> 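Sharing a structure, written as structure tokens. Questions coming.
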Amino acid sequence: MNVYPLPAEFRRSWCLVPGILSDQVIDLTDVPPSGTFTKPALVAEMASSGVHTLADLALCLPEEVLSLPGVKLTTLLNLQAEILERLDTGPLVRDLSKTETEALSTITLYGLNLPTGVFVRAKALGIETLAGLAMTASPATLLARGLPLWKVRACRETIQAHLDRPSEAEALRVYAKRPLPPGFAEMTIKDSRLMLSWVGNVLVKERCTTFGKALKAVPTLAEIEKDWGNWEVWEFRAKAFHLAVAGRRMIAGLPQGDALYRIPYQDGIPPNRPPLFGDLTGDERAFLDRARSNPRDDLSTVQELAYENAPYDPDHHEAPEWIGAAWNYGMDALGFIADADLPYLFEAAGGRKDVVCDMLISVRRALLDHAELGSAEAVYGPEHAYLRFFRTFPKAA
């Protein structure tokens with residue numbers, strides 16, 4: 001298992017639960033890992049790195065967990081979801097309306113098909129109705145009373161089964177009818193952040209001068225599935241990714257934006273996943289936008305020719321694979337890798353964990369060196385020779 005010697009403040013910012021508090025870590029200290037993480041080979045490898053409990057795993061970085069054999073994207077996302085649920089002190093079911101609360105208040109727990117032990121523990125907490133279970137209990141409370149996580153989730157499912165709420169399909173239809181954030185369609189491509197990627201240049205060449213025109217020109221996934229032969233999937237995904245990121249950023253700055261507007265190329269409200277790099281400052285975001293995934297892109301024409309015509313170097317290194325994967329999917333700048341979520345990075349990497357980990361580490365290296373020049377090498381070791389060469393390439397006359 002790869003465990004990197006990160007300064008404590010960076011580990012707390014970048015771990016599976018960014019910004020986790022000391023009290024929350026203590027709450028997880030006595031909780032053993034479950035599922036895949038109980039396999040003997042993984043237990044032995046985690047133990048060799050000092051990782052024994054859910055608290056230890058919560059403080060791990062995604063790439064550290066992915067370095068374990070047999071850990072896949074779904075394994076990592078399930079682990080993250082479990083940790084977040086164990087720390088959840090909010091109500092078991094959120095956003096109950098007055099009508100829903102009144103209806104649940106008439107349903108007593110006794111006689112319901114709840115998992116064994118739920119009724120007794122709920123009664124000890126003074127809870128006798130589904131309304132009480134939904135509003136008074138929390139995942140953390142029920143877990144502290146000795147209920148396993150699957151029973152806590154079964155409680156939530158029982159409550160939701162008694163709520164007259166739209167089906168998942170209907171919820172998607174409602175979301176699709178939401179308007180785009182005001183002014184989104186009118187924004188010009190050439191003056192936008194998209195121009196940091198090849199995606200912006202391609203859209204401009206295709207005469208998509210505004211975001212609205214780009215939305216009309218770029219098909220939906222359902223549309224290209226009907227005729228894959230005429231579309232490069234990576235090009236579609238890169239365009240959709242950038243339009244979605246632009247929409248998400250605009251919505252984040254609007255009052256109640258998440259509740260009122262939709263993100264383009266997104267079927268519904270996205271899952272609440274913690275950011276891969278914590279809460280970045282404006283300065284850090286601007287720095288990552290200036291940092292090219294492939295530093296060779298910053299060379300002048302004269303420098304390019306000098307490199308191409310240079311004498312053969314027996315130690316010549318090809319570009320790391322993550323650079324090509326990131327570029328193909330429109331992540332020309334490290335800022336766009338920071339915008340992506342793990343599923344998108346895995347898609348760009350063709351499902352390869354090592355390539356995804358290299359993408360994450362490339363951003364972490366940049367942030368460490370931005371905070372203190374040279375600190376990235378102390379954590380991750382020497383940078384790839386290809387990158388070192390181009391970042392120290394002499395300026396052309």
Side-chain angles (χ1 to χ4, degrees), residues 4 6-21 24-25 28 57-66 73-88 90 181 193 196-197 240-254 257-259 261 263 265-266 268-291 293 322 326 329-331 333-349 353 356-371 376 379-380:
Y4 303 104
L6 282 167
E9 65 272 19
F10 283 101
R11 181 164 291 280
R12 287 293 180 100
S13 295
W14 296 344
C15 66
L16 291 182
V17 186
I20 189 170
L21 302 175
Q24 293 176 314
V25 174
L28 298 173
L57 279 171
L59 288 170
C60 286
L61 274 60
E63 57 267 33
E64 292 172 338
V65 179
L66 287 170
L73 171 62
T74 52
T75 315
L76 177 62
L77 296 180
N78 289 339
L79 170 65
Q80 194 175 55
E82 177 183 349
I83 294 171
L84 290 172
E85 196 150 14
R86 286 185 177 278
L87 298 176
D88 188 355
R193 186 166 169 258
L196 296 174
S197 168
F241 166 74
H242 277 283
L243 293 170
V245 165
R248 190 179 303 116
R249 284 192 161 208
M250 180 175 271
I251 286 171
L254 297 173
D258 288 338
Y261 307 109
I263 298 171
Y265 297 100
Q266 187 170 280
I269 298 172
N272 186 22
R273 295 195 184 106
L276 290 169
F277 306 97
D279 293 325
L280 296 171
T281 65
D283 178 60
E284 287 173 327
R285 289 189 178 281
F287 169 73
L288 291 176
D289 278 352
R290 294 193 302 270
S293 295
W322 71 265
Y329 276 72
M331 295 178 283
L334 295 184
F336 294 130
I337 297 178
D339 286 329
D341 59 11
L342 280 172
Y344 188 73
L345 294 182
F346 264 85
E347 182 180 347
K353 295 196 301 180
V356 171
C357 290
D358 285 344
M359 288 184 190
L360 297 175
I361 290 171
S362 70
V363 177
R364 303 205 197 284
R365 276 184 175 277
L367 290 172
L368 283 168
D369 275 340
H370 182 57
V379 173
Y380 292 106

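The structure presented is a predicted model; accordingly, all values stated were derived computationally and were not measured.
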> Walk me through it: do L59 and R12 pass the test side chain to side chain contact (heavy atoms under 4.5 Å, CB included)?
CA-CA 7 Å; L59 288 170; R12 287 293 180 100; 3.6 Å; yes

> In plain terms, say whether D339 and R249 are close enough for a salt bridge, that is, a side-chain N and a carboxylate O under 4.0 Å apart.
yes

> Between D341 and R273, what is the shortest heavy-atom contact and its length?
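Minimum heavy-atom contact is OD2-NH1, 3.9 Å.
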
> Considering all heavy atoms of both residues, which atom of L6 and which atom of F10 are nearest to each other, and what is their separation?
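For L6 and F10, the tightest heavy-atom pair comes out as CD2-CB, 4.4 Å.
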
> Compare every heavy atom of D289 with every heavy atom of A333, then report the nearest pair and how far apart it is.
CB-O, 3.5 Å

> Ignoring hydrogens and angles, tell me if any N or O in the side chain of R11 forms a donor-acceptor pair with the backbone of Y4 under 3.5 Å.
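Confirmed, R11 side chain pairs with Y4 backbone.
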
> With heavy-atom distances below 4.5 Å as the criterion, would you say the side chains of H242 and R193 are in contact?
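Answer no - side chains too far apart.
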
> So, taking the atom named CG in L367 and the one named CG in L280, what distance separates them when rounded to the nearest 0.5 Å?
6.0 Å

> Tell me if a side-chain donor or acceptor on E64 pairs with a main-chain N or O of L61 at a distance below 3.5 Å.
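A pair under 3.5 Å: yes.
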
> Rounded to the nearest 0.5 Å, what separates atom CD1 in I251 from atom CD1 in I263?
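Rounded to the nearest 0.5 Å, the CD1-CD1 separation comes to 4.5 Å.
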
> What's the separation between atom CG in L57 and atom SG in C15, rounded to the nearest 0.5 Å?
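Nearest 0.5 Å value for the CG-SG distance: 11.0 Å.
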
> Restricting to non-hydrogen atoms, name the atom on A58 and the atom on I20 that form the minimum distance, rounded to 0.1 Å.
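Nearest heavy atoms, A58 then I20: CB-CD1, 4.1 Å.
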
> Check whether any side-chain heavy atom of P274 lies under 4.5 Å from a side-chain heavy atom of Q80, and answer yes or no.
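Yes, at least one pair of side-chain atoms sits under 4.5 Å.
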
> Under the side chain to side chain contact (heavy atoms under 4.5 Å, CB included) rule, what do Y344 and V245 come out as? Steps first, then yes or no, please.
CA-CA 12 Å; Y344 188 73; V245 165; over 6 Å; no

> Does L28 form a side chain to side chain contact (heavy atoms under 4.5 Å, CB included) with L87? I'd like the steps, not just the answer.
CA-CA 8 Å; L28 298 173; L87 298 176; 3.9 Å; yes

> Are there over 12 heavy-atom neighbours, none belonging to D283, within less than 6.0 Å of that residue's CG?
yes

> What are the two closest heavy atoms between L73 and P343, and how far apart are they?
CD2-CA, 3.9 Å

> So do the side chains of L76 and L16 get within less than 4.5 Å of each other, counting heavy atoms only?
yes

> Could you tell me how the ring of F287 sits relative to the ring of H370: parallel (under 30°), tilted (30 to 60°) or perpendicular (over 60°)?
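Aromatic pair F287/H370 classed parallel.
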
> Side chain to side chain contact (heavy atoms under 4.5 Å, CB included) with D88: which residues, sequence neighbours excluded?
R94, P139

> Hey, are the side chains of Y380 and L368 touching, using non-hydrogen atoms and a 4.5 Å cut-off?
yes

> What do the steps show when you test E284 against D279 for side chain to side chain contact (heavy atoms under 4.5 Å, CB included), and what is the final call?
CA-CA 10 Å; E284 287 173 327; D279 293 325; over 6 Å; no

> Please answer whether the main-chain N or O of G335 pairs with a side-chain N or O of R285 as donor and acceptor at a distance below 3.5 Å.
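Side chain of R285 to backbone of G335: no pair is present.
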
> Does a side-chain heavy-atom distance below 4.5 Å link L345 with L360?
yes

> Should L276 and W14 count as side-chain neighbours, where that means a heavy-atom distance under 4.5 Å?
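No. Closest side-chain heavy atoms not under 4.5 Å.
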
> Looking at F336 and F241, what are the two nearest heavy atoms and their distance?
O-CZ, 3.5 Å

> Applying side chain to side chain donor-acceptor pair (under 3.5 Å), name anything that partners R86, two or more places apart in sequence or on another chain.
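Side chain to side chain donor-acceptor pair (under 3.5 Å) list for R86, sorted by chain: E82.
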
> Does A376 offer a backbone N or O that forms a donor-acceptor pair with the side chain of D369 under 3.5 Å?
yes

> So does G278 get a backbone contact from the side chain of S13, meaning a donor-acceptor N/O pair under 3.5 Å?
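It does not hold such a pair.
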
> Rounded to the nearest 0.5 Å, what's the gap from CD on Q24 to CG on L21? Could you check?
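Spacing of CD (Q24) from CG (L21) equals 4.5 Å.
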
> Checking A348 now: which residues fulfil side chain to side chain contact (heavy atoms under 4.5 Å, CB included) with it, not counting sequence neighbours?
Y329, M331, M359

> Given side chains that start at C-beta, do those of I337 and S293 come closer than 4.5 Å, heavy atoms only?
yes

> Would you call K353 and E63 a salt bridge, taking side-chain N to carboxylate O under 4.0 Å as the test?
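Looking at K353 and E63, the cut-off is not met.
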
